[in-house]
Amino acid sequence: MNKLNIHTVFSRFQAANPNPKTELRYGNHYQLLTAVILSAQATDKGVNKATGPLFKIIKTPQDLLNFGEENLMKAISTIGLYRSKGKHLMATAQILVDHYNGKVPRTREALEMLPGVGRKTANVVLNTAFGQPTMAVDTHIFRVSQRIGLAKGKTPLAIEQKLMKVIPEEFIMNAHHWLILHGRYTCTAQKPKCQECMIVDVCRYGAKNV
DNA sequence: CTCCCGATAT
DNA sequence: ATATCAGGAG
């Protein structure tokens, strides 16, 4: 039986991609926060397409307040759920200016109080901006974890907690990027590409798909 | 739980 | 035509 060997899985991810990073484009912490808020139920590619031009103008929350909601809505109208995201971005910018001197707070509690920021987004910012070993469980990680047998659970939080226990400490910092990239390009939702998967030999799901 | 919501892949 | 995409708020 090919039981999933977790150390093997992450060793291979590491060998193939020693320094994985987000595919969202950004120039500072505030732009990263903005991009992650925009990325809910949307592709990174689609977000980058809109933020490319936008981030030439918007580099701080004060910039966004000056820019205004109408202009923001137009700029992000190609992204799904753009109306609620636009509202959240305006409200978040106001809070950052009023309470955080225009900077992105570094604690989970403060981040999760921002409109449009839940646990997953907070985890991404904590990891990618501030170097903390968090596990942001998005749709890819939720699917991949269950499919390959890394972690089972009904909610993203349950998966997150199991992953934090199960993944060796040496891999925690990069694990969430490796898992996302694996889910996005190989272990896809429809028609996963098991033939070109680097962990197919230790994956139960893959065993029956090759 | 429902709603939000355009672009792209299948 | 339908499923999916770095979810979060009400």
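These values consider heavy atoms only, across backbone and side chains, with no hydrogens, waters or symmetry-generated copies. Letters A, B, ... are given to chains in the order of the sequence lines, protein chains preceding strands, and every chain is numbered from 1. Given the structure is predicted, the values throughout are model-derived calculations rather than measurements.
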Is the shortest side-chain N/O distance from A:R184 to OP1 or OP2 of C:dA6 below 4.0 Å? yes

Would you mind reading off the distance between A:L33 atom CG and C:dG7 atom C1', rounded to a whole angstrom? 14 Å

Give one of base, sugar-phosphate or nothing for A:V36, where a contact means two heavy atoms less than 4.0 Å apart. nothing

Separation of C:dC5 C1' from A:Q41 CD (nearest whole Å): 6 Å

Tell me: CG of A:L181 to C1' of C:dC5, nearest whole Å? 15 Å

Does A:T22 contact C:dA6 through a side-chain donor or acceptor facing the base, at a distance under 3.5 Å? yes

For A:V47, which contact category applies under a 4.0 Å heavy-atom criterion: base, sugar-phosphate, or nothing? nothing

Separation of C:dG7 P from A:L111 CG (nearest whole Å): 17 Å

pair A:K103-A:L96: side-chain heavy atoms closer than 4.5 Å: no

Could you check whether A:I141 gets within reach of a base, just the sugar-phosphate, or nothing at all, counting any heavy atom under 4.0 Å? nothing

Using the P atom as the point on both nucleotides, what is the distance between C:dA6 and B:dC4, in whole Å? 22 Å

So what does A:G116 touch, heavy atoms closer than 4.0 Å: a base, only the sugar-phosphate, or nothing? sugar-phosphate

Counting distance only, does the side-chain N/O of A:N28 pair as donor-acceptor with the main-chain N or O of A:K59 below 3.5 Å? yes

Taking A:Q31 for the side chain and A:F55 for the main chain, is one N or O donor matched with an acceptor at less than 3.5 Å? yes

Categorize A:L114 for me: base, sugar-phosphate, or nothing, with a 4.0 angstrom heavy-atom threshold over every strand shown. sugar-phosphate

Specify the separation, in whole Å, of atom CD1 of A:I159 and atom P of C:dG7. 15 Å

Checking all strands, does A:K49 fall into the base, sugar-phosphate, or nothing category for heavy-atom contacts under 4.0 angstrom? sugar-phosphate

Test item: A:K152 side-chain N/O and A:K162 main-chain N/O as donor-acceptor pair under 3.5 Å: no

Would the distance check show the side chain of A:R147 and the main-chain N or O of A:T188 forming a donor-acceptor pair, the cut-off being under 3.5 Å? yes

Measure from CE on A:M113 to P on C:dA9 and round the result to the nearest Å. 12 Å

Tell me if a side-chain donor or acceptor on A:E69 pairs with a main-chain N or O of A:M90 at a distance below 3.5 Å. no

Between CD on residue A:E160 and CZ on residue A:F142, distance to nearest 0.5 Å: 12.5 Å

Given C:dA6, is OP1 or OP2 found less than 4.0 Å from the side-chain N or O atoms of A:T121? no

Using the 3.5 Å cut-off, write out each protein N or O paired with an N or O of nucleotides 1-4 of chain C and the distance between them.
none

Crowding at CZ, A:R25 (>12 non-hydrogen neighbours, <6.0 Å): no

Under 3.5 Å, sequence neighbours excluded: what are the donor-acceptor pairs made by side chains of residues 163-182 of chain A?
residue : atom : partner : partner atom : Å
A:E170  : OE2  : A:H7    : NE2          : 3.2
A:W178  : NE1  : A:F13   : O            : 3.4
A:W178  : NE1  : A:N17   : O            : 2.8

A:N48 CG - B:dT8 P separation (whole Å): 13 Å

Roughly how many Å apart are B:dA7 and C:dG8, using the P atom of each and rounding to a whole number? 22 Å

Send over the distance from A:D44 CG to C:dG7 C1', rounded to a whole Å. 13 Å

Do the charged groups of A:K49 and A:D44 touch, with an N to O distance under 4.0 Å? no

Residues of residues 76-90 of chain A with any non-hydrogen atom less than 4.0 angstrom from an atom of DNA chain C: list those, numerically ordered, please. A:L81, A:H88

